[in-house]
Structures are given as structure tokens and as C-alpha cells.
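Structure first, commentary second.
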Amino acid sequence: MVGLCRHTLGVALLVTSVFAGTSVHAVDRLREHPGHNDVGPGYRFERGGWTYVHLEGTPSQIGFQHGSLLAAEIADLVRVSKIETLHSTHRDWAFYREAGRKMFWPHIEAEYQQELEGIAKGVQSQGIKLDVWDIVALNGNIELPEYYVPWLNKTQKAANAPHILPQGRCSAFIATGSYTRNGKIVIAHNNWTAYTDGERWTIIFDIQPEHGRHIVMDGEPGVITSQDDFGENDAGLMITETTITQFAGWNPNGIPEFVRSRKALQYASSIDEYVSIIKQGDNGGYANDWLIGDRKTGEIAYLELGLKNTPLWRSKDGYFVSSNFARDPEVLKTETPGFDPTNLSTSPNARRVTWEKKMAEYKGRIDVDLAEKFLASHDDSYTGKTGPDERTLCGHVDVVKRGTPEWDWGPYYPGGAVTGKVADSDLAEHLSLIARAGHPCGEDFLAAPFLAAHPEYSYLKPVLQDMKAGPWTEFSAGEKP
């Protein structure tokens, strides 16, 4: 039997050391007064609750610009990841650094190794003591704790291993043909996650790489892919995804998902190319249902990316909806054995019913304005009532005593829908999207009263902050401050 490292570090002790020599106050000062030296064509500005970041050049240059421009935000997100992963997996940051170095790094191609190294150098140029293994661990902050660690615990028969289920993330749809107002593609996505992450998942990246396609996507500081995956490229592809609830499977010799998803968006020019790239070297990490559109043809597709099974559906006149449920019988049977698709009281299935109703009710009228309204919906299909909870498209698990046990979110867990993004073929032609930071319904989350009412989440006090909803805001490639 292999024992886990005991969860003996207190959060207070952890917080004093999370920056490996860089104080929290120094990071706060850097955020308020950033010093961006030698970032070349890179730049940033803030609007509507988002930080827009333009990156351009070779992989090393893109990485350095990224690290330098977002140094404070990267250090802050590392702090969050350290606290969350220690609490949920009972494994410290050194474990994740080592997993990234030994397991991920040999399977990351040179282009993205150079970009990750560039991010670390950019952060260091701002006086923050993080290295490339911190950056790799940060990029793996979903795959490693939620997919690799459960597999490792099972493989090693780890004693006293915590129960870990991958978090359900996101609600999304894509529609085309007779379902949309002008017959072109409409795509929309809510990011569902812990508020500690979602409050910081507010970067709009405009990336113009030396090779491959020009990209616009939302994302997290320090991460080379969108991670909640809403993006477009200048070949006309429009993509998003939602996580497959209770997926189990891992290939330690596979390519990290954060590399495959970035490469697919950067290099694919068609649905077939996107599917081929993201399937190649599948490691099972962050298993998702992918919604893919090609504005050039009006075709849309739905890829259920399991480890053993990867079914693909396509349509030029129809829609696909997704809310963390598997639909393929073999995926359900062999890769998500704990998920019950018939239990309509669960968050994934209740939101699926809501999506289906909205697609039917608004057939022929769906556009970006309606998409924004869909993402803000508080319709609970199970109770038939209207009000925010864990079953609504705009999720608010923090107000629900039930929590979401299918993801191991306890009563009143501070998580739910944290951003919304919409686009259509016309917007995508100009590499444009419309996004809202915070709850898509417009409600604010306030940390202090929540923590006072729910002391069981006091371990999050150092990193849980207010999540104020911004306005729906349009962004385009090449925008200037």
C-alpha cells in the first residue's frame, strides 16, 4: 500500500510561502503598477471586467510577453492552485511540479516548451520567483488533480486517498441552418467552475503566432490554451466544450490536453483537422464534449472525446447542446460508469432538458442576443420554477444546500457560472466575440458575507474574492487600448 502525504500544512503557513520568495504584497504592488519591459508588440488593457492581452511572434516571444504582461495575475493564480489542490487532493505543489516535469514535459513538443519557458522568464523579469515547472503545473491544474491523481491513487492503492471527481464545467450550444436567424452558426458558452478560479478566468487573448492561425480566445493567466475553451481562429473555426461528468481514465504516456487543445485551435483549418489534432496522443485528461463550427461551410460538429471512445456527430442544419453529460452509449458504459443519464434532478441532465426546450422554442430565431439570454437563464427544468440554483444554465451552487454531489461540490459550494461568451459566423469572420465577466445573469457574488455564513469554506478566505458581473462586451483581434 502506498500512503499519501498527510494534509498537515495549514493554509496560513501555505499562504506565506506560495510565491516561493515573492511576497503577497509585492504581487499586489506589481498588479497595481505593472512594469512591462521588452514585451515588443505585446500589450494589455482592461475593459468590461476583462483583461485583453495581445501576444505576437515566436513561441519564446509570445511566452515572454504573456509572462511579463500578466506576471502578477499568474503568481496570484498559482497561489489559488496551491491552496485548492492541497485541500482537494492532499498533495502539495511540489508533487504537481514534479508530475509536470516528469510526465508532461517529455510529451510537449518544442514549440510549446519554448512558450512555457518564455512565460516563466517573463514572470521572472517582473521579480516574481516562479520557474517553468510552476508554469507547467499551472497549465495542468485541471488534468493533474482531477484526472491523474485519481488514477494514480487507484493504481498505487493509495491509503486514505480522498474521493475525487472531475468538476463539471460549463453549459454550451452551437446551432446552424434552420435553427438560427440568418442560417449561419451561433455558438455560446458559460464557464462553470469554482469562484476562486472563475474570478480570475477573465483574460481575452489575441495571439498572432509565427506559425499557424491567428487566435482569439478567453483564458486564464499563465495558461497557453483557453482551458474553458471558447475560441476562434482566422481559418473560420469556432470552438467550445463542456466537461464530461464523472469521467475516469488516464494515459500517462499521452500528450497533455492543454497542448492538444491549443495546437488544434492554432493549426486546424477544418473540422476534420481539429478533430484529428485534438485526438492525437489523447491522455484522457480534461475529457470534454467539443462543439466545433466552421463558418466557411456552416457545418457544426460534436466530438465526445473519451479515452477509449471518440464518437463524432455533424450537421449543416441543426444544433448540439452540452452541459457536462455524456451521450454516447459506450462512453456512458465504459468511461463514465458512475453517471446516471436518467436522473433529471442532477445539474447536467436538468440543464440538458433546458437546452433542448430552448432550441425547440426558438428555432429559426437564435442569434447572439438570444444566446446571451439563454446563458443568463434561471429556469430549473426539474422543479419547473425560476430562480438561480445548480440546475440552471447560469449556475449558482453557492445558494443551494444540495450542492452538486456528482462533482463532489458540497452544500453551498462557491461555484457556478463565472463568465459567458457568444459569437456567430459574422463576428468570427473578424475574430470577434462578445463576453461577460461574472455571472451571465448579472448578479454579483460577494465573498465576505458568503464566508461569514459558511465558515466551512474558510480555507478559501485568502483567495476567495468578490465576483462582480460586468457588461456584455465585444472584443476583436488587433484591438488597441
Side-chain angles (χ1 to χ4, degrees), residues 88-89 140 142-155 161-173 189-194 227-229 240-252 254 256-257 260-261 275 278-279 281-292 301-313 320-356 381-382 390-391 393 395 397 402-410 413 415:
S88 64
T89 70
I142 293 176
E143 295 177 71
L144 292 173
E146 297 181 29
Y147 296 84
Y148 169 58
V149 170
W151 173 86
L152 183 66
N153 290 342
K154 182 178 180 180
T155 300
H163 187 246
I164 302 170
L165 291 174
Q167 293 183 24
R169 299 173 189 271
C170 314
S171 298
F173 83 88
H189 176 270
N190 272 354
N191 179 3
W192 279 52
T193 190
Q227 200 81 312
D228 73 333
D229 298 298
T240 193
E241 48 83 0
T242 83
T243 316
I244 302 174
T245 292
Q246 296 188 358
F247 181 89
W250 183 261
N251 173 14
E257 191 276 346
R260 290 181 286 115
S261 59
V275 170
I278 203 161
K279 286 172 59 175
D282 188 359
N283 68 342
Y286 201 11
N288 295 317
D289 287 305
W290 289 89
L291 283 61
I292 312 162
Y302 185 106
L303 172 66
E304 190 146 273
L305 188 58
L307 184 57
K308 303 172 184 176
N309 307 279
T310 57
L312 178 70
W313 295 264
F320 298 112
V321 298
S322 192
S323 55
N324 313 122
F325 57 86
R327 67 174 68 208
D328 178 72
E330 283 303 309
V331 174
L332 286 164
K333 179 181 177 181
T334 64
E335 302 192 82
T336 62
F339 179 67
D340 181 2
T342 68
N343 183 354
L344 300 184
S345 71
T346 63
S347 175
N349 293 326
R351 286 181 286 131
R352 179 179 188 174
V353 171
T354 298
W355 273 132
E356 295 287 355
S381 66
Y382 184 72
E390 85 283 17
R391 292 189 283 252
L393 295 180
V397 183
R402 294 180 298 270
T404 50
E406 58 269 31
W407 307 328
D408 273 344
W409 283 8
Y413 183 81

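Remember, predicted model here, so these are calculated numbers, not experimental data.
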**Asked** Parallel, tilted or perpendicular: which describes the rings of W407 and W409, with under 30° parallel and over 60° perpendicular?
**Response**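 W407 vs W409 ring planes: perpendicular.
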Would you confirm whether [X], through its side chain, and [Y], through its main-chain N or O, come within 3.5 Å as a donor-acceptor pair?
| X | Y | result |
| --- | --- | --- |
| E304 | N309 | no |
| E335 | G249 | no |
| T245 | N324 | yes |
| E390 | S347 | no |
| T240 | D229 | yes |
| Y147 | F247 | no |

Let me confirm one number: the [atom1]-[atom2] distance from [X] to [Y], rounded to the nearest 0.5 Å.
| X | Y | atom1 | atom2 | answer |
| --- | --- | --- | --- | --- |
| N153 | H163 | CG | NE2 | 11.0 Å |
| Y302 | L305 | OH | CG | 11.5 Å |
| N288 | I142 | CG | CD1 | 8.0 Å |
| W151 | N251 | CH2 | CG | 8.5 Å |
| Y148 | T155 | OH | OG1 | 8.5 Å |
| W250 | N283 | CH2 | CG | 4.5 Å |

[Y] and [X], any side-chain heavy atoms less than 4.5 Å apart:
| X | Y | value |
| --- | --- | --- |
| S171 | W355 | yes |
| T346 | D340 | no |
| V149 | L144 | no |
| I278 | E241 | no |
| W313 | D328 | yes |

**R327 to F320, cation-pi by 6.0 Å centre distance and 45° axis angle** = no
Which heavy-atom pair separates [X] from [Y] by the least distance, and what is that distance?
| X | Y | answer |
| --- | --- | --- |
| C170 | W192 | N-CB, 3.1 Å |
| D282 | G306 | OD2-O, 2.7 Å |
| G140 | P145 | O-CD, 3.5 Å |
| L344 | A350 | O-CB, 3.6 Å |
| A326 | L332 | O-CD2, 3.6 Å |
| T242 | A172 | CG2-CB, 3.8 Å |

**Prompt:** Would K279 and T310 count as having a side-chain donor-acceptor pair, cut-off 3.5 Å?
**Reply:** yes
For [X], all residues meeting salt bridge (Lys or Arg N to Asp or Glu O under 4.0 Å), sequence neighbours excluded:
| X | answer |
| --- | --- |
| R352 | none |
| E257 | none |
| D408 | none |

**Request:** May I ask you to say whether R169 pairs ionically with D228, meaning some side-chain N is under 4.0 Å from a carboxylate O?
**Result:**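 No, no charged N to carboxylate O under 4.0 Å.
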